[in-house]
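When reading the values below, keep in mind they use all heavy atoms of this one structure, side chains included, and skip hydrogens, waters and symmetry mates.
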Amino acid sequence: MRYVSTRGDKSPQQFCDILLEGLAPDGGLYLPEHYPAVDAKTLSAWRKIYLEQGYADLAFEILFLYIDDIPAADLRALCRKTYTAAVFNSPEIVPLKKLDEGFYLEALSNGPTLAFKDMAMQLLGNLFEYQLARRNEVLNILGATSGDTGSAAEYAMRGKKGVRVFMTSPNGRMSPFQQAQMFSLMDENIHNIAVEGVFDDCQDIVKAVSNDLDFKRRYKIGTVNSINWARLLAQVVYYFAGYFQTPASADGGQVSFTVPSGNFGNVCAGHVARMMGLPIAQLVVATNENDVLDEFFRTGVYRVRNSLDTLETSSPSMDISKASNFERFVFDLVGRDAALTSDLFGRQLSTQGYFDLSAHPAFVEAATRYGFASGKSTHANRLQTIRDTSDRFDVVIDTHTADGVKVAREHLLAGVPMLVLETALPIKFAATIEQALGRPPERPPGFDGIEDLPKRVKLMPADVDQIKAYVVAHAG
Ligand SMILES: *Cc1c(COP(=O)(O)O)cnc(C)c1O
């Protein structure tokens with residue numbers, strides 16, 4: 001399998017060439033040059049593999065179609081090392097929870113940090129370690145986080161040979177639970193840097209360092225952001241695994257998915273699964289008040305927000321000003337026209353801050369040919385949905401999942417099961433759960449008292465040079 005850039009660069013790249021990379025050199029995102037097609041026979045063979053051998057072997061079957069520069073036996077071993085019942089707390093890895101008839105939650109947040117980002121990040125940690133050892137290289141990951149991404153990255157990379165993590169976060173801005181999750185890690189290769197500033201300051205520092213190409217090369221600086229293709233690919237697997245757990249899959253019937261969305265990484269993996277041939281009727285994009293994506297699917301206008309127009313909500317992991325993976329879908333939508341994609345995401349977004357595809361003949365195909373639909377949920381909807389789900393089904397859901405459940409109910413099709421992706425556990429967003437239910441969410445076993453553990457964190461001013469000096473002093 002070769003990979004191409006959404007902006008036209010066609011210099012041949014294999015999976016391992018782009019594994020440690022972010023953007024393509026032309027500023028585009030990498031996609032496989034085609035999506036391998038899965039026929040009904042393969043689908044039923046994969047169903048059997050998932051149900052009888054487990055998630056790890058299903059992951060291998062799917063990943064192997066996209067990766068031909070890792071020997072099959074090694075890739076299978078990496079999948080089996082990653083997706084274990086011990087790490088993800090159930091033999092199914094992503095068990096379905098039935099709420100109503102034909103209405104399910106797919107649990108993606110039973111990994112080490114209790115959010116779905118573990119699903120991809122845990123694999124990435126093992127892939128990085130494997131690839132760095134093969135090349136005899138090291139990598140210093142520099143990141144910025146306001147919550148879920150940073151902790152998922154740290155838990156994936158902790159103790160990995162050849163990898164160090166320098167994770168900046170805005171001092172005092174994360175929930176006490178999230179701070180405890182990250183700062184209680186004592187691994188030598190994990191460095192928490194609490195920056196005196198807000199999340200944007202952290203992001204600016206990471207950008208400034210990444211733009212210093214000399215420094216970046218010299219100190220082997222890398223990132224783990226959501227545009228990484230390997231992360232997206234890992235997420236394709238759980239769309240298949242979710243499907244195989246429904247009765248509909250026994251005879252090739254269709255299902256729909258609703259995906260609480262921010263950077264469009266999660267739902268883009270659903271798009272890839274559908275392009276491969278997974279019988280998905282609809283892919284429903286659920287947003288919170290930051291409704292950039294809902295606006296696009298309703299109107300054809302993609303209008304990025306500036307940071308002042310980006311609201312702080314009670315589903316904070318969906319608080320985005322632009323959806324960094326969206327370019328991948330638009331590239332497919334416009335028939336893989338790289339010149340047009342480049343004009344839309346390069347020239348038009350930078351000069352006018354939006355683009356308008358409403359008059360493009362392909363826009364209607366977002367719904368008709370690609371199965372996309374969308375909806376929006378607000379703080380009041382979230383509280384109401386958390387309450388309602390608790391009252392009717394005795395299940396407590398987190399705020400992001402609540403956005404999904406609310407929007408999913410508006411898109412039910414007769415006879416088509418709906419799977420809502422559960423993207424985090426409620427304990428991570430305890431304050432809003434208390435507001436909705438008048439009581440705190442349950443704490444999963446193993447997380448009692450984590451707020452009281454010793455913390456390992458370095459407080460630093462929002463100063464690029466000081467942070468560079470810290471990285472230099474501790475780099476691998
Ligand atoms: C990251 C995240 C999302 C958004 O996922 P995208 O891939 O950015 O669309 C939704 N919910 C939770 C809990 C998250 O951590």
With rounding to the nearest 0.5 angstrom, report the [atom1] to [atom2] distance, [X] to [Y].
X: Asp118; Y: Leu124; atom1: CG; atom2: CG; result: 12.0 Å
X: Ser261; Y: Phe297; atom1: OG; atom2: CZ; result: 8.5 Å
X: Ser109; Y: Asn89; atom1: OG; atom2: CG; result: 11.0 Å
X: Lys428; Y: Asp148; atom1: NZ; atom2: CG; result: 4.0 Å
X: Met460; Y: Ile193; atom1: CE; atom2: CD1; result: 6.0 Å

Using a strict threshold of under 4.0 Å (side-chain N to carboxylate O), is an ion pair present between [Y] and [X]?
X: Lys216; Y: Asp212; value: no
X: Glu154; Y: Lys160; value: no
X: Glu422; Y: Lys97; value: yes
X: Asp332; Y: Arg336; value: yes
X: Asp356; Y: Arg303; value: no

Kindly state whether the ring of [X] and the ring of [Y] have centres lying under 6.0 angstrom apart.
X: Phe257; Y: Tyr243; result: no
X: His400; Y: Phe429; result: yes
X: Tyr3; Y: Tyr30; result: no

Query raised in the report: Does a side chain donor of either Ser226 or Ser324 reach within less than 3.5 Å of an acceptor in the other side chain?
Result: yes
Query raised in the report: Would Thr287 and Asp294 count as having a side-chain donor-acceptor pair, cut-off 3.5 Å?
Result: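 No, no side-chain donor-acceptor contact under 3.5 Å.
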Give a yes or no answer on whether the side chain of [X] reaches the backbone of [Y] with a donor-acceptor pair at less than 3.5 Å.
X: Arg328; Y: Leu31; answer: no
X: Asn140; Y: Arg164; answer: no
X: Arg382; Y: Ser377; answer: yes
X: His411; Y: Ser374; answer: yes

How are the rings of [X] and [Y] set to each other: parallel, tilted or perpendicular (split at 30° and 60°)?
X: Tyr302; Y: Phe345; answer: tilted
X: Phe372; Y: Phe264; answer: parallel
X: His474; Y: Phe166; answer: tilted

**Report entry** Flag if over 12 foreign heavy atoms under 6.0 Å of CG, Asp214
**Finding:**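 Atom CG in Asp214 is not packed in, count stays at 12 or less.
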Requested in this report: State whether Phe331 and Arg7 meet the cation-pi test: NZ (Lys) or CZ (Arg) under 6.0 Å from the six-membered ring centroid, and within 45° of the perpendicular axis.
Outcome: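 Here Arg7 fails the 6.0 Å and 45° test against Phe331.
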Report task. Take Phe363 and Phe296, measure what ring-ring contact (aromatic ring centres under 6.0 Å, His included) needs, and give me the verdict at the end. Result -> CA-CA 10 Å; Phe363 176 61; Phe296 173 79; 5.5 Å; yes
